Amino acid sequence: MVRRVQADARIPAVSAALHRADRPLWTCTVGDTGTDRPLDPGTQFRIGSVTKTFTAVLTMQCRDDGLLDLDDPVGRHLELPAHGELTVRRLLSHTAGLQREPYGDVWDTLSPPDADQLLADLARAERVLPPARRFHYSNLGLALLGQLVGRLRGGTWAEVLDDRVLAPLGLTATTVTPGPTAATGFLVDAYSDEAHPEPPTDFSAVGPAAQLWSTAGDMARWAAFLADPAAVDPAGAVLAAATLDEMRWPVTVTDETLWTGGFGLGLILVPQGERVVHVGHDGAMPGFLAGVYGRRGGEGTPGAMGAAVLVSSGTAAEALDLPHRLLAAAVEHDPADIEPWRPGPPAPAGLRGVLGRWWGEGYEYVFTWHDGSLRARGAGDPPGRPPAVFAPVPDQPDVFRTVSGREVGELLRLTRDEHGAVVRMHWATYRFTRNQETFERYDFRAGE
């Protein structure tokens, strides 16, 4: 698959990698670097806007550490001449309405602003749409978040990135500037076999949106982290798994009629059908394209699964579909091993009377005890739909919080008779009974 894309799209160099928890790292390289150094898995490529996912993680770290709230106006933390009312959440999800690029013809001059100029020029930048109206991609918005992270942490964006993400995850081949193994980026002529080298660029204060260089192996690991942080970073040293869950929740779609892609908090979401989603980002800079995605859900998907395809052509759009195809092919032809079921401990004595079938809102549900937690599913739910999972509320006997699945966040309350048997439940305030009932008024004082 990699060789076919390299040949058909006429790409000088392709480096691909596939990461999964149950197999060794797989890599494949095809082509030449355009330098004296041969192409190998250690070759660096520009990853462009994949950089935004790092800036998003740094921003969420600040939130988790209490340094900001996602609904804070960015001007609360940065002194800005304009647009300070735009919120962190809107900037992360590209729904702030801010213009795409910094003020000026950056792509003509290839002279991006430094930090002082970036902030000063905000007064000349447009808000092209009202906040929250729709998706509108903005490099300027992510550049502002990079400045925000540096200000809150007392360093530069690059310093904070290395200290708080790259070093803890062992992404030693990911750097702000190209190293000695870097490939040359090219524009391949449309009507001949000539490849024109693109000039190297430093994006200065816009760096948090597009600056990084990396290898396919590092990026496949990063993609695996975005999809399955508990497997890649079990201690949560970089970010709590629950925070990545929050980042992956769709905030907006990128096209109002074709719901084939969406945006969470700094992450692109690409549904694959059958409750499978690929999460990550694409990147493009002069002479380079990158696709970096992790896979979540679906039968046969192993833990910590991520793929990266990095290429030294700025126009080989066919390469951007390759990570998705590699992930799907790996699951189809080499699925995760099926773990055998083993008997476990029984449900606690006080909950055994909850197990089984209940009726609520006219529909039938099945409550079970699995893997140490109370769960519920609609009796007619398809097999792949996740159950609701409940956790006890401290110091409130017979009260549980829904921690995932249907009605997440809502309470489940158990009602017992004089003998201690559970005779009624309320979930999200709806009454659940052993038999199907109408919505007639119930006198709880009289018990009938």
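Nothing here was measured: the structure is a model prediction, and the numbers come from that model.
Across Arg89, Arg63, Arg76, a single residue satisfies salt bridge (charged side-chain N to carboxylate O under 4.0 Å, His left out) together with Asp71, and that is Arg89. The only member of Met60, Arg164, Gln61 that meets side chain to side chain contact (heavy atoms under 4.5 Å, CB included) when paired with Val238 is Gln61.
For the pair Leu310 and Gln44, the minimum side-chain heavy-atom distance is 4.5 Å or more. Between Leu25 and Leu18 there is no side-chain heavy-atom pair separated by less than 4.5 Å. With a 4.5 Å cut-off on side-chain heavy atoms, Val331 and Gln272 do not count as touching. Using a 4.5 Å cut-off on side-chain heavy atoms (C-beta onward), Arg134 and Glu256 make no contact. Leu355 is listed as a side-chain neighbour of Trp369, based on a closest heavy-atom distance under 4.5 Å. Counting heavy atoms from C-beta outward, Leu144 and Leu98 have side chains that approach closer than 4.5 Å. Between Asp334 and Arg20 the shortest side-chain heavy-atom distance falls below 4.5 Å. Using a 4.5 Å heavy-atom cutoff, the side chains of Lys52 and Asn139 are in contact.
With hydrogens and angles left out, the side-chain atoms of Thr254 and Tyr137 include no donor and acceptor closer than 3.5 Å. Using a 3.5 Å distance cut-off with no hydrogens or angles, the side chains of Trp157 and Thr55 do pair a donor with an acceptor. Counting only N and O atoms by type, the side chains of Arg295 and Thr301 include a donor and acceptor under 3.5 Å apart. For the residue pair Thr257 and Asp255, a side-chain donor N or O sits within less than 3.5 Å of a side-chain acceptor on the partner. Looking only at atom types and distance, the side chain of Thr415 has no donor-acceptor partner in the side chain of Arg413 under 3.5 Å away. A donor atom on one side chain and an acceptor atom on the other are not found under 3.5 Å apart for Arg375 and Thr368.
The distance from the CH2 atom of Trp359 to the CD atom of Glu364 is 4.0 Å, given to the nearest 0.5 Å. Atom-to-atom distance recorded for Leu148:CG and Leu142:CG is 11.5 Å, nearest 0.5 angstrom. In this structure, CZ on Phe225 lies 9.5 Å from OG1 on Thr53, to the nearest 0.5 angstrom.
In this structure, His281 has its ring center closer than 6.0 angstrom to the ring center of Phe263.
With salt bridges taken as basic N to acidic carboxylate O contacts below 4.0 Å, none links Glu410 and Arg401.
Asp228 approaches Gly303 most closely through the heavy-atom pair OD2-CA, 3.4 Å.
Sequence neighbours left out, the pairs with a member in residues 299-337 that pass ring-ring contact (aromatic ring centres under 6.0 Å, His included) are His278-His324, Tyr293-His324.
A cation-pi arrangement, defined by a distance under 6.0 Å to the six-membered ring centre and an angle within 45 degrees of its axis, is present between Arg406 and Trp427.
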